[in-house]
Amino acid sequence: MNLNNVILAVEDRLSDAVATKILEKFGADIVERIGFQGKSHLERKTPEFNRASNNITVFMLTDLDTPRDCPPGLIQSWIKGPINPRFFFRVAIMEVESWVMADRIGFATFLSIPSHRIPSPTDDILNPKEFLLSLARRSKKKAVREALLPAQGATRSVGNEYNTLLSEFVQKHWNLERAATASPSLKRTLDRLAQGKNMSADQ
């Protein structure tokens with residue numbers, strides 16, 4: 001798989017930060033970023049991404065969201081046909097927050113909480129975003145609580161700076177190697193990228 005030119009498709013800013021960190025580990029050159037309009041938008045565009053990958057590598061990251069689904073089933077239902085080998089379609093279990101929290105030491109330090117409060121594997125957390133917010137409520141850092149948690153009476157389920165602050169954590173502090181030990185779905189993604197890069201090097 002050629003990582004010299006990659007189109008990145010994501011749901012939101014946090015997914016973009018996570019996917020960028022992963023691709024940077026493998027020396028990928030992201031030439032275009034698309035999406036940022038939620039999961040349903042990605043689903044509609046998936047057949048188009050699959051066709052585009054005839055000419056360029058496409059990396060798309062979405063969430064599983066519900067234990068009723070499985071990654072292979074979700075992928076097939078979105079693509080509606082054979083998947084192109086250069087379409088790298090990855091699914092975070094259950095949500096991208098599971099991957100963020102999987103660096104248990106780094107994330108616990110970030111929140112200033114004991115690391116044992118973050119279970120392993122994080123893929124088994126049924127509602128990762130809600131669980132992350134429950135951890136944030138325990139944070140000793142007022143600025144972190146105010147950024148991640150919704151204000152009293154707010155209609156949003158998260159704080160106004162939720163994606164901004166978590167993206168900053170991912171960019172500056174998230175350790176992929178540690179995270180891969182606590183998230184099997186993240187490790188599979190890293191293994192697939194490593195396999196694809198090695199195949200390209202052998203060609």
Side-chain angles (χ1 to χ4, degrees), residues 6 8-26 28 30 32-42 59-66 90-183 185-187 189-190:
V6 179
L8 175 58
V10 294
E11 295 184 26
D12 51 34
R13 182 176 176 183
L14 180 57
S15 296
D16 178 68
V18 167
T20 297
K21 186 90 167 190
I22 291 170
L23 289 170
E24 285 177 347
K25 173 182 172 62
F26 294 93
I30 301 170
E32 185 179 0
R33 299 171 188 271
I34 52 182
F36 300 94
Q37 299 180 54
K39 186 170 184 173
S40 59
H41 175 75
L42 283 188
F59 184 100
M60 187 172 83
L61 177 62
T62 190
D63 291 338
L64 190 62
D65 282 337
T66 169
R90 304 309 298 173
V91 181
I93 303 174
M94 298 291 294
E95 298 173 334
V96 73
E97 283 87 352
S98 306
W99 288 8
V100 173
M101 290 186 289
D103 177 6
R104 297 167 66 242
I105 293 173
F107 198 66
T109 300
F110 170 68
L111 290 183
S112 190
I113 62 169
S115 61
H116 68 78
R117 292 197 179 279
I118 305 173
S120 179
T122 54
D123 288 9
D124 289 346
I125 301 172
L126 293 181
N127 296 294
K129 184 176 290 187
E130 291 180 15
F131 185 80
L132 188 153
L133 292 174
S134 73
L135 294 177
R137 291 186 182 94
R138 299 175 178 267
S139 176
K140 298 175 183 178
K141 301 176 181 178
K142 182 180 179 182
V144 168
R145 296 196 306 272
E146 290 179 345
L148 298 181
L149 298 170
Q152 188 172 4
T155 56
R156 294 187 63 189
S157 61
V158 299
N160 290 334
E161 301 300 316
Y162 181 89
N163 281 322
T164 300
L165 189 63
L166 291 181
S167 296
E168 183 177 318
F169 164 75
V170 169
Q171 291 159 0
K172 296 181 179 179
H173 307 292
W174 191 48
N175 184 294
L176 267 174
E177 286 71 27
R178 285 197 304 246
T181 67
S183 170
S185 63
L186 174 58
K187 186 177 187 304
T189 291
L190 299 182

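One is the number of the first residue; the rest follow in order along the sequence. These values consider heavy atoms only, across backbone and side chains, with no hydrogens, waters or symmetry-generated copies.
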Heavy-atom side-chain proximity of V18 to W174 below 4.5 angstrom: yes
With a 4.5 Å heavy-atom cut-off, do Q171 and T20 have their side chains touching? no
Hits for side chain to side chain contact (heavy atoms under 4.5 Å, CB included) against N160, two or more places apart or cross-chain, chain-then-number order -> R156
One pair to check against side chain to side chain contact (heavy atoms under 4.5 Å, CB included): F107 and I113. What are the steps and the verdict?
CA-CA 9 Å; F107 198 66; I113 62 169; 5.7 Å; no
Interatomic distance, CD1@I34 vs CE@M60, rounded to 0.5 Å, equals 9.5 Å
Nearest heavy-atom contact between T122 and I118 is CG2-CG2, 4.0 Å
- Task: Tell me, with the steps shown, if D123 and L186 meet side chain to side chain contact (heavy atoms under 4.5 Å, CB included).
- Result: CA-CA 9 Å; D123 288 9; L186 174 58; over 6 Å; no
Which side-chain N or O atoms in residues 125-140 pair as donor and acceptor under 3.5 Å with protein atoms at least two apart or in another chain?
residue	atom	partner	partner atom	Å
S134	OG	F131	O	2.5
S139	OG	L111	O	2.6
S139	OG	K141	N	3.1

Worksheet entry | Steps toward side chain to side chain contact (heavy atoms under 4.5 Å, CB included) verdict (T181, R104) | CA-CA 10 Å; T181 67; R104 297 167 66 242; over 6 Å; no
If the plane angle is over 60° it's perpendicular, under 30° parallel, otherwise tilted; pick one for F110 and F169.
tilted
Do the non-hydrogen side-chain atoms of F59 and T189 ever get within less than 4.5 Å of each other?
yes
Output for pair (K172 NZ, S167 OG), nearest 0.5 Å, gives 11.5 Å
Between E177 and K25, is there a side-chain N and carboxylate O pair less than 4.0 Å apart? yes
Value for CG (D63) from CG (D12), rounded to nearest 0.5 Å, stands at 7.5 Å
Quiz prompt | K187, NZ: over 12 other non-hydrogen atoms inside 6.0 angstrom | solution = no
Separation between CG (L149) and CD (Q152), nearest 0.5 Å, reads 12.0 Å
CZ (R33) and CZ (R13) are apart, to the nearest 0.5 Å, by 11.5 Å
### Query
Taking side chain as C-beta onward, heavy atoms only, is R90 less than 4.5 Å from I22?
no
request  = Give the intermediate values and the outcome of side chain to side chain contact (heavy atoms under 4.5 Å, CB included) for residues F36 and V10.
outcome  = CA-CA 6 Å; F36 300 94; V10 294; 3.9 Å; yes
Distance col, row M101:CE vs L166:CG, nearest 0.5 angstrom, shows 9.5 Å
